[in-house]
Amino acid sequence: MKRLAIGLLSVLMLTAVACSKQAPTQGEAGQQSEASQQKLVISIPAEPGPLDPAVSMDNTAWKLTYSSYERLIEYNGEKTDLVPGLAKEWKVSPDFMVYTFTLEPGHKFTDGTEVNADAVKFTFDRLLKVEKGPSDAFKKIKEIKVIDPYTVEFQLKEPNPLLLPRFAGNYGSIVNPKVMEHEKDGDLAQAWLSSNTAGSGVYQLAEYKKGQYYKYTPNPHAKEKPAIGTVYFQINSDVSAARLKLTKGEIDIAEGIPVEQLLELEKDNNINLVKVPSLLVDYVYMNIGKGHEALKDKKVRQAISYGINYQAIIKNIQKDTVIQLRGPVPEGLWGHDANAKMYNYDVDKAKQLMSESGKTGLELTLLYSATTPIWEPLALALQNDLSQIGITVKLNKVAYATMREMLDKGEFDLSLGMWTPDTADPWEFMTPWFDSDSWGLSGNRSFYKNDEVDKMLREAASIQDKEKRLKLYQEVSKIVNEDAVYAYLDQRQFLLPISKKVKGFKYNPMLDGIYNLENMSISE
């Protein structure tokens, strides 16, 4: 895998100037009208979780909602720097306690009402009241003030120099306040938004057939008109069938195809296989806080980490398209420690640790779902590997939505998982994974608690001195690696087969798996 050089986002930026947006010429308008007949079909392997931006914490759902909403600021195409979105400019106080956004007039929700400061305040007040995983990104907000119809101010409880890029994430999606018309039993319209959209993005969810497809059509009031008139996210649990549909031209993009089949598609003259380095990692959650009592023993966790045949997984399952992950922060992101402790396959060492732990006849469950096809062979490989060191692994394959509920509640022993960052900062792989305030879907799915680690992580998140932050993160890495909080499997490439008729797709490592539908088109 090539190195992906990504720098720290410019969170110190105090002011951003809006990009000029020109109205389409008459010829361009005519082209957009003709292009509205274009249809894009994307195959996904499983039903995603809720679509509500205040609830969802995974890219599976985000790919279905991102183009239906706008955010105060956005990522710049394939780059990790920030550009104006709904906000034409913003400023951050020198003490990082006040963030002020000035909105660009003229952005409208799908019902024609204008996006204003009240809508921004409503969105973040609602998100904090819902108090699900996405709220963690904004929990330092003390108060949101509407200064005037196009100016909104965020006042914080304490300095947070890392807040700015959070506004570009899916959880920063601005929601139409009229969703409250769909509120039931005080749920803040969560039930309705789980399968509907209410944003000002270029697309809106027009139709949903459970287990079949999500159909999107353009927002008639969007400032910019997309080239593609209809987008389908088609659910195909049989990924081999999806591959066949792709080769026949019946669909345009197919997700979830096993790696060996993906590599075969490179030979197809009608398909492009996108291959770019990513920051997506695969790992195993070991439930220290709520799982099997034996997992509280560090020696058992270390034994599991030594008992995994990483190179066999890389060669036989991932087909050499990944690298072994060394420590919590992946290669290519600042904060990665090339000298971090890395567990390698050592059966004798693993057996020795199990013997020292005194845990014999250990039986653990391994949770996973069908949403990621690679998880089935990974689960079987882990089951076989750990049997060699005296651990019986019972596989528990469930629906993706069920898996996420179980992860949040801690109803598992081991679980497969993957993670990708929303900002180009090591915070993304440190605080969510190891801070005890982030138990469950927020990120700390091992339910790990270490007071010293908590203290260092919170200090690192409150300062802007990069060198000091780096030292703190490296110290935390030493502790959590020794504690074997997770078993780090691999760091992936982004692989996606796309019909050559599809133009304009751009991959952004902060938006892994999310489509820039507003820039894409179909050529016949």
Side-chain angles (χ1 to χ4, degrees), residues 9-24 53-54 65-76 81-129 134 137-138 140-156 160 163-181 188-189 193 197-204 218-226 518:
L9 288 174
S10 182
V11 297
L12 305 180
M13 182 187 297
L14 300 184
T15 306
V17 181
C19 298
S20 61
K21 298 178 180 178
Q22 298 179 345
T65 59
Y66 203 77
S67 292
S68 294
Y69 293 91
E70 291 180 292
R71 289 144 291 276
L72 292 170
I73 51 182
E74 307 282 359
Y75 284 112
N76 184 13
D81 54 311
L82 302 173
V83 295
L86 288 168
K88 62 181 180 180
E89 61 183 21
W90 58 86
K91 60 182 179 180
V92 182
S93 64
D95 62 0
F96 296 97
M97 289 289 283
V98 181
Y99 289 68
T100 306
F101 295 88
T102 302
L103 305 184
E104 179 186 49
H107 292 260
K108 293 182 179 181
F109 293 112
T110 52
D111 64 356
T113 59
E114 189 173 33
V115 181
N116 57 22
D118 286 319
V120 175
K121 175 176 169 55
F122 163 80
T123 294
F124 288 96
D125 281 343
R126 175 181 179 270
L127 183 147
L128 293 170
K129 287 177 184 176
F138 302 100
K140 291 186 179 180
I141 292 174
K142 177 182 178 182
E143 185 179 5
I144 304 163
K145 287 187 174 182
V146 172
I147 307 302
D148 61 47
Y150 297 108
T151 308
V152 62
E153 180 180 279
F154 293 79
Q155 297 181 353
L156 306 189
N160 185 0
L163 180 64
L164 193 60
R166 306 268 172 249
F167 290 103
N170 188 75
Y171 31 57
S173 298
I174 304 304
V175 177
N176 190 337
K178 289 187 178 180
V179 296
M180 293 304 288
E181 296 173 1
L188 298 173
L193 273 178
T197 56
S200 58
V202 293
Y203 286 100
Q204 61 181 329
N219 169 7
H221 303 287
K223 292 201 75 169
E224 298 179 1
K225 304 301 180 185
E518 63 277 9

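Taking the side chain as every heavy atom from C-beta outward, Gln155 and Met97 never approach each other to under 4.5 Å. Contact check for Pro84 versus Phe101: no side-chain heavy atoms found under the 4.5 Å cut-off.
Atoms CZ and CG, on Phe138 and Leu127 in that order, are 6.5 Å from each other to the nearest 0.5 Å. Atom OG1 in Thr102 sits 10.5 Å away from atom CG in Leu72 (nearest 0.5 Å). For the atom pair CZ (Phe124) and CD1 (Ile141), the distance works out to 6.5 Å, reported to the nearest 0.5 Å. Once rounded to the nearest 0.5 Å, the distance linking NZ of Lys108 with CD of Glu70 reads 12.5 Å. If you take OH on Tyr150 and NZ on Lys88, they are separated by 9.5 Å, rounding to the nearest 0.5 Å.
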Kindly determine whether Lys223 and Glu104 satisfy salt bridge (charged side-chain N to carboxylate O under 4.0 Å, His left out), including the steps that lead there. CA-CA 11 Å; Lys223 292 201 75 169; Glu104 179 186 49; 3.6 Å; yes

Can you list the steps and then say if Phe167 with Leu82 is a side chain to side chain contact (heavy atoms under 4.5 Å, CB included)? CA-CA 10 Å; Phe167 290 103; Leu82 302 173; over 6 Å; no

Could you walk me through whether Tyr171 and Arg71 pass the side-chain hydrogen bond (donor to acceptor under 3.5 Å, both in side chains) check? CA-CA 9 Å; Tyr171 31 57; Arg71 289 144 291 276; over 6 Å; no

Trace of the side chain to side chain contact (heavy atoms under 4.5 Å, CB included) decision for Ile144 with Phe154: CA-CA 5 Å; Ile144 304 163; Phe154 293 79; 3.8 Å; yes

For the pair Ile147 and Val152, evaluate side chain to side chain contact (heavy atoms under 4.5 Å, CB included) and give the outcome as yes or no after the intermediate values. CA-CA 6 Å; Ile147 307 302; Val152 62; over 6 Å; no

Walk me through whether Lys142 and Leu156 qualify under side chain to side chain contact (heavy atoms under 4.5 Å, CB included). CA-CA 5 Å; Lys142 177 182 178 182; Leu156 306 189; 5.7 Å; no

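Annotation for Ala117 and Leu103: closest pair N-CD1, 3.5 Å, computed over non-hydrogen atoms. Across all non-hydrogen atoms, the minimal contact from Pro218 to Tyr203 is N-CD2, 3.8 Å. The two residues Leu164 and Ile73 have their closest heavy-atom pair at O-CD1, 3.2 Å. Taking every heavy atom of both residues into account, Glu518 and Val202 meet most closely at CB-CG2, 3.6 Å. What you find for Ala137 and Arg166 is that their closest heavy atoms are CB-CD, 3.5 Å. Looking at every heavy atom in both residues, Phe122 comes nearest to Val175 through CD2-O, 3.7 Å.
Listed by chain and number, the residues in a salt bridge (Lys or Arg N to Asp or Glu O under 4.0 Å) with Lys178 are Asp111 (sequence neighbours excluded). Shown here are the side-chain contact (heavy atoms from CB on, under 4.5 Å) partners of Thr197, two or more places apart in sequence or in another chain: Ser68, Tyr69, Gln204, Leu205, Tyr216.
Here the side chain of Glu114 pairs a donor or acceptor atom with the backbone of Gly106 at under 3.5 angstrom. The backbone N or O of Met180 sits nowhere less than 3.5 Å from a side-chain atom of Arg126 that would complete a donor-acceptor pair. At least one donor-acceptor pair under 3.5 Å links the side chain of Lys225 to the backbone N or O of Pro220. The backbone N or O of Val98 sits less than 3.5 Å from a side-chain atom of Ser93, completing a donor-acceptor pair. Looking only at distances, a side-chain donor or acceptor of Asp148 sits under 3.5 Å from a matching main-chain atom of Thr151. No donor-acceptor pair closer than 3.5 Å links the side chain of Asn176 to the backbone N or O of Gly199.
If you check the side chains of Asn219 and Ser200, you find no donor sitting under 3.5 Å from an acceptor.
In Lys121, the NZ atom is crowded: over 12 heavy atoms of neighbouring residues, nucleotides or ligands sit closer than 6.0 Å.
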